[in-house]
Student: 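Take this structure, written in structure tokens, and hold onto it; I'll ask about it next.
Nothing here was measured: the structure is a model prediction, and the numbers come from that model. This chain uses plain numbering: 1 for the first residue, then up along the sequence.
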Amino acid sequence: MHFPRRRFAVALGAAVAAWAGTLLVMLVYGVVDIRSALHLTALSGAFGAVGLLAVLVRRNTAQLRSLRLRFDRHAREIAEIAGENRSELFARADDLTGRLARMEESVHALCDASAGGGGERAVPAVREPGTPAEGRAVRELEALLGPDAPMPAPGEDGVSPETVERVVRAVRDRRPHLVVEVGSGASTLWLGLALRRFRAGRLVALESDPRCAGLVRAMVAAHGLSGVVEVRGASDLDGLHGIDLLHLTRVTGATEVDAVPDLFDRCAPGALVIPGEDHGARGPGCGRASAERSDAVLGAGASADAVRARAAS
């Protein structure tokens, strides 16, 4: 029960005034004497106090009942919200558990491939950053991209964390429409994550080793990057025109070396070329002339126009 204080004060004042007026009339006409008037006043005050107490008790009881109803309603709402959030958290935890299991299988497969050999190159096992500069680059990558799932350590595919950081910053600054990576590995995942994080274009990784290509595809799918990353054979250059960013990781196979000059011609004007540290490594069957030409045009990072000019000279 809501009883405004102002209305209560007005009603109380009116009651006191009416009672005082009645006593005054009774005294004037001699109905009661002074002593009787005082007794009546005291008795009226006592009845008034009892009535006021009853009103206050009723008011407080109504307020307590209203408070209890609101408390029960809020408790039900909180329970419903907590139940919905708990279900969502459980669903996200199950999804994360599944993704971690798939990534663990992929990592085990990578380690098995590294130990087994039998191909042009094996994928090295996961390693920790070995120098302070590598550790700083890894921290910068995590700060830039904020991965929501464990990522393979940059550098396990022969591309240092510093180079991966440079490529990621190029994606952030240039927002390329088409990125092509010669070779694949951990850098493929970081580059795909950068393209998704900065809402840029897509990545096509060219891999000459079918076993490594399959393993990287599995890791790309486990990280939910299949929509922005495609891993294909090194000789499959269909549709690769207008390349905005060309990343040369480990040009080790003969097919990869032969594809590099063609990729330079497919670059868009002003495209950026970033080589990895091991671009000079060559696998069996690579010609000396192709290796020397590829090494001659690669620097720490240059525009595709400059690369083509240096290659032509």
Side-chain angles (χ1 to χ4, degrees), residues 91-111 113 123-126 137-161 163-234 236-240 242-250 272 274 276:
R92 294 185 61 182
D94 292 340
D95 178 65
L96 182 59
T97 301
R99 292 176 63 182
L100 288 174
R102 291 193 296 271
M103 281 186 284
E104 184 178 5
E105 293 175 358
S106 300
V107 170
H108 286 316
L110 287 172
C111 294
V123 181
V126 176
V138 172
R139 291 191 295 272
E140 288 293 330
L141 285 170
E142 293 176 346
L144 282 171
L145 302 180
D148 56 359
M151 296 283 289
E156 64 180 66
D157 53 359
V159 183
S160 72
T163 299
V164 176
E165 181 194 358
R166 186 163 75 246
V167 179
V168 167
R169 289 188 181 276
V171 170
R172 181 196 62 182
D173 298 337
R174 301 169 71 94
R175 298 295 201 279
H177 178 70
L178 175 60
V179 181
V180 174
E181 185 177 50
V182 181
S184 63
S187 60
T188 307
L189 299 178
W190 286 97
L191 188 50
L193 184 62
L195 289 169
R196 185 177 66 181
R197 168 67 175 80
F198 300 118
R199 298 179 180 178
R202 64 189 182 98
L203 166 65
V204 176
L206 303 177
E207 178 57 63
S208 60
D209 187 344
R211 184 183 67 256
C212 293
L215 294 174
V216 174
R217 285 193 195 99
M219 296 189 71
V220 166
H223 284 81
L225 298 173
S226 299
V228 294
V229 178
E230 177 188 358
V231 182
R232 60 169 73 170
D236 186 2
L237 305 184
D238 292 343
L240 299 184
I243 300 171
D244 301 304
L245 177 59
L246 178 59
H247 182 214
L248 308 178
T249 60
R250 297 184 65 182
L272 181 65
I274 301 180

Student: Could you report the tightest heavy-atom contact between Phe198 and Arg175, atom names first, then the distance?
Tutor: O-NE, 3.0 Å
Student: Do you know which two heavy atoms are closest between Leu191 and Val167, and how far apart they sit?
Tutor: CD1-CG1, 3.5 Å
Student: Report yes if the side chains of Pro147 and Leu193 come closer than 4.5 Å at any heavy-atom pair, otherwise no.
Tutor: yes
Student: Go through Val228 and Leu225 one step at a time and tell me if the side chain to side chain contact (heavy atoms under 4.5 Å, CB included) criterion holds.
Tutor: CA-CA 6 Å; Val228 294; Leu225 298 173; 4.3 Å; yes
Student: So, do Arg202 and Val179 sit near enough that their side-chain heavy atoms are less than 4.5 Å apart?
Tutor: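 Result no, sub-4.5 Å side-chain heavy-atom pair not found.
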Student: Contact between Glu181 and Val159 at the side-chain level, heavy atoms closer than 4.5 Å - yes or no?
Tutor: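 No, their side chains stay 4.5 Å or more apart.
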Student: Could you tell me whether the side chain of Arg217 and the main chain of Val231 form a donor-acceptor pair under 3.5 Å?
Tutor: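 Between the backbone of Val231 and the side chain of Arg217 there is a qualifying donor-acceptor contact (under 3.5 Å).
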Student: Drop me the distance from Arg166's CZ to Leu272's CG, to the nearest 0.5 angstrom.
Tutor: 8.5 Å
Student: Search all heavy atoms of Ser184 against all heavy atoms of Val216 and return the closest pair with its distance.
Tutor: OG-CG2, 3.6 Å
Student: Is there a donor-acceptor pair closer than 3.5 Å between any side-chain N or O of Arg174 and the backbone N or O of Leu245?
Tutor: no
Student: If I compare all heavy atoms of Gly224 with all of Arg196, which pair ends up nearest, and what's the gap?
Tutor: O-NH1, 3.2 Å
Student: Which atom names give the shortest non-hydrogen contact between Thr188 and Gly183, and what distance separates them?
Tutor: OG1-O, 4.3 Å
Student: With side chains defined as the heavy atoms from C-beta onward, is the minimum distance between Arg197 and Val171 less than 4.5 Å?
Tutor: no
Student: Pair Leu206, Arg232 - check side chain to side chain contact (heavy atoms under 4.5 Å, CB included), show working.
Tutor: CA-CA 5 Å; Leu206 303 177; Arg232 60 169 73 170; 3.5 Å; yes
Student: Could you tell me whether the side chain of Leu246 reaches within less than 4.5 Å of the side chain of Ile274, counting heavy atoms only?
Tutor: no
Student: Is there a side-chain contact between Leu144 and Arg172 in this structure, where contact means two heavy atoms from C-beta onward sitting under 4.5 Å apart?
Tutor: yes
Student: In Å and rounded to the nearest 0.5 Å, what is the CG to CG distance from Leu203 to Leu189?
Tutor: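 Spacing of CG (Leu203) from CG (Leu189) equals 9.5 Å.
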Student: Which heavy-atom pair separates Leu141 from Pro161 by the least distance, and what is that distance?
Tutor: CD1-O, 4.2 Å
Student: Show the numbers, then the answer: is there a side chain to side chain contact (heavy atoms under 4.5 Å, CB included) between Val164 and Val138?
Tutor: CA-CA 9 Å; Val164 176; Val138 172; over 6 Å; no
